[in-house]
Protein chains: 2
Amino acid sequence: MAELSLPDLDPTSDRAVFRQIADHLRDAIERGALAQGDKVPSEARLMEHYGVARMTIRNALQVLQSEGLTVAEHGRGVFVRSHPPVRRLASDRFARRHREQGKAAFIAETEEAGGTPSVDSIKITEATPTPDIAERLGLAAKDRVIVRSRRYLINGQPVETAVSYIPAEIAKGTPIMQPDSGPGGIYARLEELGFQLDHFIEEIKSRMPLRDEAKALRLAPGVPVFHLVRTAYAGDGRAVEVCDTVMSSDAYMLTYELPAR
Amino acid sequence: MAELSLPDLDPTSDRAVFRQIADHLRDAIERGALAQGDKVPSEARLMEHYGVARMTIRNALQVLQSEGLTVAEHGRGVFVRSHPPVRRLASDRFARRHREQGKAAFIAETEEAGGTPSVDSIKITEATPTPDIAERLGLAAKDRVIVRSRRYLINGQPVETAVSYIPAEIAKGTPIMQPDSGPGGIYARLEELGFQLDHFIEEIKSRMPLRDEAKALRLAPGVPVFHLVRTAYAGDGRAVEVCDTVMSSDAYMLTYELPAR
DNA sequence: CGACCCTACACGTATGTACGAGTTGAGGAG
DNA sequence: CTCCTCAACTCGTACATACGTGTAGGGTCG
């Protein structure tokens, strides 16, 4: 704390004390007086500096944490969050020319960026689709789908979970049912099966993670997720796959190109 | 509370008491036992039910609030958050055929969906661009840009703030400098000036709002924002506008169409 | 019958206390 | 010199208490 100087409280302000303290610390972070990875003064030090109760300090720190600015580590301290390198997802990432190079989009992109990609928790089952999935795939309620779920990691850090749904009628007995779906991924397999892909539609929402999602992606408090649902359409207009993914918003920036025509 | 039955605490669990309580309430919300807009039992009632201190209850409620599941209203109670109707942004929303119909994209779409659109806080200034904006527009550090900032509302509820940057060289002395930029918006004006738009590139991040953003968009705690930066390119490859927008993630779903070619 | 006020009740802010549990580094034992 | 123990420091959880401030409903007074 020798380094970091914090202002005093303004007793004339009607802004709550814990908010004033949160403002001071937020300010220090935004100014760069506290850099990424730096330790925020301990609760005890802040109590002493401001002359307030511990709960007041904890409320202030809670504000910053829920803003995603800091993380607390039990027994160590509170630290300014450092942001991992961001993966940019380009809108041509599913272009055929990429599939033809023989690697799944995720593996190729991550290696190119100098990271070590991995995929785990691969599970493949057959099930009856939810009404939402059935509608997207144009299926009847009692049709069956193949469900491929998996988790993507970069340098051992989970960044995304994905669940794909493919009509069982299409996927049954094909390499799509194998954990390793082969070069180019399942989109390459679908094209080999005669479903020339025409376009994809992606729907993107942003929200706070559910408990299970926060766990699976090891998300710090205050980190939202992208919830992206992509539907793949074959040339005849038929939907052949729906992919439901949850991505750490820390790890991703999405980019899209839109026509002006 | 006669209606809502909550389990008792599990004293053998090593899960913190406030987390167990949060789990019970989250569960009730997910089951639908507590529906959107319903009042969560008051702190006093929960204290009585569980036989714990108020801080323990408040910690539990804090968890739900930061997950975006509930909102507290001073003097009234804690309520299950209700989600406003979602505006879907289609990837063809900036297609020329829409501009030619004479309304800005936001106005037309909102009216079509049966809402009342409005725009306020329109400010137009001239400034030197930040390095990031200068790079996107292909400008030198000392070139000037026109800055158009505004806020969009639906039925009086703010949903989005936007700041556009246009090279001063292009916009100076044109209707782009007027608060009401005329039929079809500034993209129509740019085309009238001879800059046939070719395509847009949008970059999307998701994060928790800054304090000012939460205020401007009246965001409840636990609601993240989309931060979208769109660059408009003319036929000759020149960037003619950058639009930096912050959108309530509650109010929007983004959709994009990707080619498979 | 309407306007006002008062009172429960709700959450917001703040103090003080206590103990638990993870981390770290200094110092002592071998 | 190395290993281990332990103390000090950190955040996590929980209790008890007090008062402030916003809301809403009912009763009272004009």
Side-chain angles (χ1 to χ4, degrees), chain A residues 1-2 4 8-25 34 37-66 69-81 214 218 220-222, chain B residues 1-2 4 8-25 34 37-66 69-81 214 218 220-222:
Chain A
M1 271 258 296
L4 181 67
D8 288 332
L9 294 173
D10 175 3
T12 70
S13 166
D14 55 359
R15 190 162 176 75
V17 172
F18 79 88
R19 291 189 196 283
Q20 291 187 47
I21 297 174
D23 290 346
H24 294 170
L25 292 170
L34 284 171
D38 280 5
K39 189 165 182 294
V40 173
S42 75
E43 294 176 355
R45 277 186 171 285
L46 290 169
M47 283 170 68
E48 191 185 3
H49 175 83
Y50 287 109
V52 299
R54 187 170 167 214
M55 154 138 297
T56 306
I57 297 296
R58 283 184 65 79
N59 276 341
L61 293 173
Q62 170 66 40
V63 169
L64 299 180
Q65 174 149 332
S66 77
L69 295 175
T70 60
V71 280
E73 296 185 29
H74 193 171
R76 302 215 320 125
V78 175
F79 300 85
V80 179
R81 271 208 22 230
R218 285 185 227 144
Chain B
M1 272 259 290
L4 181 66
D8 289 331
L9 293 174
D10 173 4
T12 70
S13 167
D14 55 358
R15 190 162 175 75
V17 172
F18 78 88
R19 291 191 196 282
Q20 290 188 48
I21 297 174
D23 291 346
H24 295 168
L25 292 169
L34 285 171
D38 280 5
K39 190 165 180 295
V40 173
S42 75
E43 294 176 356
R45 275 184 172 285
L46 290 170
M47 283 170 67
E48 192 186 2
H49 175 81
Y50 287 107
V52 298
R54 189 171 166 214
M55 151 139 300
T56 306
I57 298 296
R58 283 183 65 78
N59 277 341
L61 293 172
Q62 169 67 40
V63 169
L64 299 180
Q65 174 149 333
S66 76
L69 294 174
T70 60
V71 279
E73 296 185 29
H74 193 170
R76 302 217 318 126
V78 176
F79 300 86
V80 179
R81 267 193 43 216
R218 284 184 226 144

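All figures in this text were calculated on a predicted structure; none of them were measured in a lab. Labels below follow one simple rule: chain letters A, B, ... track the order of the sequence lines, proteins then strands, and each chain is numbered from 1.
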Steps toward side-chain contact (heavy atoms from CB on, under 4.5 Å) verdict (A/V63, A/D23): CA-CA 9 Å; A/V63 169; A/D23 290 346; over 6 Å; no
As a check on the pairing definition, encode DNA chain D in dot-bracket form, counting Watson-Crick and G-U wobble pairs whose two distances are under 3.5 Å, and using | for partners outside this strand. ||||||||||||||||||||||||||||||
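- Within the model, atoms OG1 of A/T70 and CD of A/Q62 stand 9.0 Å from one another, a figure rounded to the nearest 0.5 Å.
- Annotation: side chain of A/H49 is in contact with side chain of A/D8 (closest heavy-atom distance under 4.5 Å).
- Annotation: salt bridge (charged side-chain N to carboxylate O under 4.0 Å, His left out) contacts involving residues 57-66 of chain B, sequence neighbours excluded, comprise B/E43-B/R58.
- Residues that satisfy the salt bridge (charged side-chain N to carboxylate O under 4.0 Å, His left out) test with A/R218, not counting sequence neighbours, are absent from this structure.
- Taking atom CZ of residue A/F79 and atom C1' of nucleotide C/dT24, one finds them 11 Å apart after rounding to whole Å.
- Here the closest non-hydrogen pair linking B/L64 and B/A22 is CD2-O, 3.7 Å.
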Measure all distances between protein nitrogen or oxygen atoms and nitrogen or oxygen atoms of nucleotides 14-18 of chain D, and list the pairs falling under 3.5 Å.
| residue | atom | partner | partner atom | Å |
| --- | --- | --- | --- | --- |
| D/dA14 | OP1 | B/V17 | N | 2.6 |
| D/dA14 | OP2 | B/V17 | N | 3.4 |
| D/dA14 | OP2 | B/F18 | N | 3.2 |
| D/dC15 | OP2 | B/A53 | N | 2.8 |
| D/dC15 | OP2 | B/T56 | OG1 | 2.4 |
| D/dA18 | N6 | B/R54 | NH1 | 3.4 |

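- The neighbour count for B/E48 CD, taken as heavy atoms of other residues, nucleotides or ligands under 6.0 Å away, does not exceed 12.
- Rounding to whole angstrom units, CG of residue A/D14 and C1' of C/dT13 are separated by 13 Å.
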After noting the C-alpha distance and the side-chain angles of A/R54 and A/L46, does the key distance pass the side-chain contact (heavy atoms from CB on, under 4.5 Å) rule? CA-CA 9 Å; A/R54 187 170 167 214; A/L46 290 169; over 6 Å; no
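- Regarding B/Q65, its CD atom lies at a distance of 11 Å from the C1' atom of C/dC11, rounded to whole Å.
- The distance from atom CD of A/Q62 to atom C1' of C/dT13 is 15 Å, rounded to the nearest whole Å.
- In this entry the distance linking CZ of B/R58 with C1' of D/dG12 reads 18 Å, nearest Å.
- In this structure a side-chain-to-backbone donor-acceptor pair under 3.5 Å is present from B/Q20 to B/R15.
- Looking only at side-chain heavy atoms (C-beta outward), A/L61 and A/L25 come within less than 4.5 Å of each other.
- Across all their heavy atoms, B/F18 and B/A60 have their closest contact at O-CB, 3.3 Å.
- The interatomic distance linking A/Y50 (OH) with C/dA14 (C1') rounds to 16 Å, in whole Å.
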If you apply the rule side-chain contact (heavy atoms from CB on, under 4.5 Å), what do you find for A/V40 with A/V80, and how did you get there? CA-CA 7 Å; A/V40 173; A/V80 179; 4.2 Å; yes
Name the pairs: protein N/O against N/O of nucleotides 4-8 of chain C, kept only if under 3.5 Å.
none

Between the protein and nucleotides 4-10 of chain D, list the N/O to N/O atom pairs that are separated by less than 3.5 angstrom.
| residue | atom | partner | partner atom | Å |
| --- | --- | --- | --- | --- |
| D/dT10 | OP1 | A/S42 | OG | 3.3 |

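- For the pair B/L4 and B/D38, the minimum side-chain heavy-atom distance is 4.5 Å or more.
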